[in-house]
**Q** 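Right, I'll just put the structure down here and ask away after.
Each chain gets a letter, A, B and so on, in the order its sequence line appears, and its residues count up from 1.
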2 protein chains.
Amino acid sequence: MKIGDVAKRAGVNVQTIRFYERKGLMEAPPRTASGYRQYTGEAVRRIRFIKHAQELGFSLREIHELLSLRVDPHTTCADIQQYALEKVEDIERRIASLTRMKRALSTLAERCGTDRTLGDCPILDALEEQDPKVAG
Amino acid sequence: MKIGDVAKRAGVNVQTIRFYERKGLMEAPPRTASGYRQYTGEAVRRIRFIKHAQELGFSLREIHELLSLRVDPHTTCADIQQYALEKVEDIERRIASLTRMKRALSTLAERCGTDRTLGDCPILDALEEQDPKVAG
DNA sequence: GGAAACCCTGTACCATGGTGCAGGCCGTAT
DNA sequence: ATACGGCCTGCACCATGGTACAGGGTTTCC
């Protein structure tokens with residue numbers, strides 16, 4: 001299979017595949033006599049693995065680790081589970097941070113009245129403060 | 001006040017201040033005869049405004065807009081409120097996306113048993129699938 | 001057999017939010 | 001008066017996840 005076919009089947013750009021190869025996320029495939037990369041269906045599955053992992057919040061660096069874990073004969077399913085649970089905690093921290101932001105911003109917006117002037121805007125005022133109690 | 005003093009008071013790097021100036025987030029201040037930037041306390045307040053807005057989840061681009069809104073005489077407090085509420089919705093979408101990720105990953109991790117082998121790992125299997133039901 | 005469509009490499013570029021460094025001038029303290 | 005720290009500009013670089021383009025060779029289709 002040529003790189004364009006793999007790209008089409010996996011729903012990514014041709015450059016993206018070469019980018020993944022450079023980043024070590026995909027093995028360098030054998031080449032034809034004229035230097036064209038020759039892929040099998042395995043390449044398509046690998047790209048889908050990467051894309052699914054991205055959807056679950058893994059960065060390319062983490063996906064690289066995940067792929068290394070998968071190849072290492074000493075890795076158990078429990079190791080993968082542990083890795084996933086750490087990622088869950090990471091996602092929880094990000095959610096908590098966003099939730100704080102949202103609460104702070106909502107609180108400020110609630111204090112706005114339609115008849116207020118800019119000089120009396122609670123949002124701008126809070127942003128100006130030395131140590132605003134919002135976003136804590 | 002010299003740029004180093006402003007940096008110290010605002011708790012940022014000197015280069016960061018010059019970076020903000022290049023990005024239009026801070027006005028170019030007057031210079032001494034020898035070309036040194038001369039700041040007032042206003043600069044320190046401006047940096048704090050930027051930092052607080054970042055904590056609330058605004059990007060530098062958005063902070064730029066916010067600063068423009070603040071200067072525009074036609075802007076009302078209700079306009080700022082509207083802007084903040086749009087940002088709240090944006091944050092909500094990001095939270096929803098992360099929550100989906102978390103749920104999918106937790107579900108997969110729950111299915112792992114300690115006695116499973118790698119060839120039978122529900123997480124890796126899900127990532128391999130053509131159309132995994134996770135991360136929906 | 002010739003044009004179009006594909007592939008190759010290398011390099012630069014996009015956004016985001018800065019950091020760091022080289023080479024040179026300025027200001028102040030001893 | 002000279003050393004040291006601070007400031008100046010311009011440029012390069014960091015991570016992240018790609019995208020684009022130039023300048024070539026190849027394959028495929030009519």
**Q** Decide yes or no, distance alone: a donor-acceptor N/O pair under 3.5 angstrom between the base of D:dG25 and the side-chain of A:Tyr36.
**A** yes
**Q** Return no unless some side-chain N or O of B:Ser34 is found under 4.0 Å from OP1 or OP2 of C:dG27.
**A**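 It does, given that an N or O in the side chain of B:Ser34 lies less than 4.0 Å from OP1 or OP2 of C:dG27.
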**Q** For B:Gln38 and C:dC26, give me the distance from atom CD to atom P, rounded to whole Å.
**A**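 Rounded to the whole Å, the gap is 15 Å.
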**Q** Can you tell whether the side chains of B:Asp5 and B:Lys8 come within less than 4.0 Å, N to carboxylate O?
**A**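 Not counted as a salt bridge, because no side-chain N and carboxylate O are separated by less than 4.0 Å.
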**Q** So if I take residues 1-12 of chain B and measure heavy-atom distances to DNA chain D, which residues fall below 4.0 Å?
**A** B:Lys2, B:Ile3, B:Gly4
**Q** For A:Asn13 and D:dG17, give me the distance from atom CG to atom C1', rounded to whole Å.
**A** 12 Å
**Q** Rounding to a whole Å, what distance do you find between A:Ile47:CD1 and D:dG18:P?
**A** 11 Å
**Q** So does B:Tyr20 get a side-chain nitrogen or oxygen closer than 4.0 Å to the phosphate oxygens (OP1/OP2) of C:dG18?
**A**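 True: B:Tyr20 side-chain N/O within range (under 4.0 Å) of C:dG18 OP1/OP2.
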**Q** Rounded to the nearest angstrom, tell me the gap between atom NE2 in B:His64 and atom C1' in C:dG18.
**A**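 After rounding, the reported distance stands at 18 Å.
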**Q** Whole angstroms only, please: what is the CD1-P distance between A:Ile63 and D:dG17?
**A**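 From A:Ile63 CD1 to D:dG17 P: 8 Å.
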**Q** Quick one: A:Arg18 CZ to C:dT9 P, roughly how many Å, whole number?
**A**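 Rounded to the whole Å, the gap is 7 Å.
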**Q** Determine, for A:Arg70 against A:Glu65, whether the closest basic-nitrogen to carboxylate-oxygen distance falls under 4.0 angstrom.
**A** no
**Q** Between B:Arg45 and B:Glu42, does at least one N-O distance fall below 4.0 Å, as a salt bridge requires?
**A** yes
**Q** At their closest point, which heavy atom of A:Ile123 faces which heavy atom of B:Gln81, and how far apart are they?
**A**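 Heavy-atom minimum between the residues: CD1-CA, 3.9 Å.
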**Q** Looking at every strand, decide which applies to B:Thr32 at a 4.0 Å heavy-atom threshold: base, sugar-phosphate, or nothing.
**A**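 Nothing: the residue B:Thr32, judged by heavy atoms under 4.0 Å, touches no strand.
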**Q** Please indicate whether B:Glu27 has more than 12 foreign heavy atoms, meaning atoms of other residues, nucleotides or ligands, lying under 6.0 Å from its CD.
**A** no
**Q** Relative to the 5' end of DNA chain D, which residue comes earlier, A:Lys51 or B:Val14, by the nucleotide with the nearest heavy atom?
**A** B:Val14
**Q** Does A:Arg9 have more than 12 heavy atoms from other residues, nucleotides or ligands lying within 6.0 Å of its CZ?
**A** no
**Q** Which is more 5' along DNA chain C, the nucleotide nearest A:Arg22 or the one nearest A:Gly35? Just name the residue.
**A** A:Gly35
**Q** So, is A:Thr16 near the phosphate of D:dT19, with a side-chain N or O under 4.0 Å from OP1 or OP2?
**A**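 Yes, such a contact exists.
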**Q** At under 4.0 Å between heavy atoms, what does A:Arg61 touch on the DNA or RNA strands: base, sugar-phosphate, or nothing?
**A** sugar-phosphate
**Q** Which is true for B:Arg37 with a 4.0 Å heavy-atom rule: it touches a base, it touches only sugar-phosphate, or it touches nothing?
**A**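 Answer is sugar-phosphate: B:Arg37 comes under 4.0 Å of backbone atoms only.
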**Q** Tell me: CD of B:Gln15 to P of D:dC13, nearest whole Å?
**A**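 To the nearest whole Å, that distance equals 16 Å.
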**Q** In whole angstrom, what separates B:Glu55's CD from C:dG17's C1'?
**A** 15 Å
**Q** With a 4.0 Å cut-off, would you call B:Lys87 and B:Glu92 a salt bridge?
**A**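 Result for this pair is no, no salt bridge flagged.
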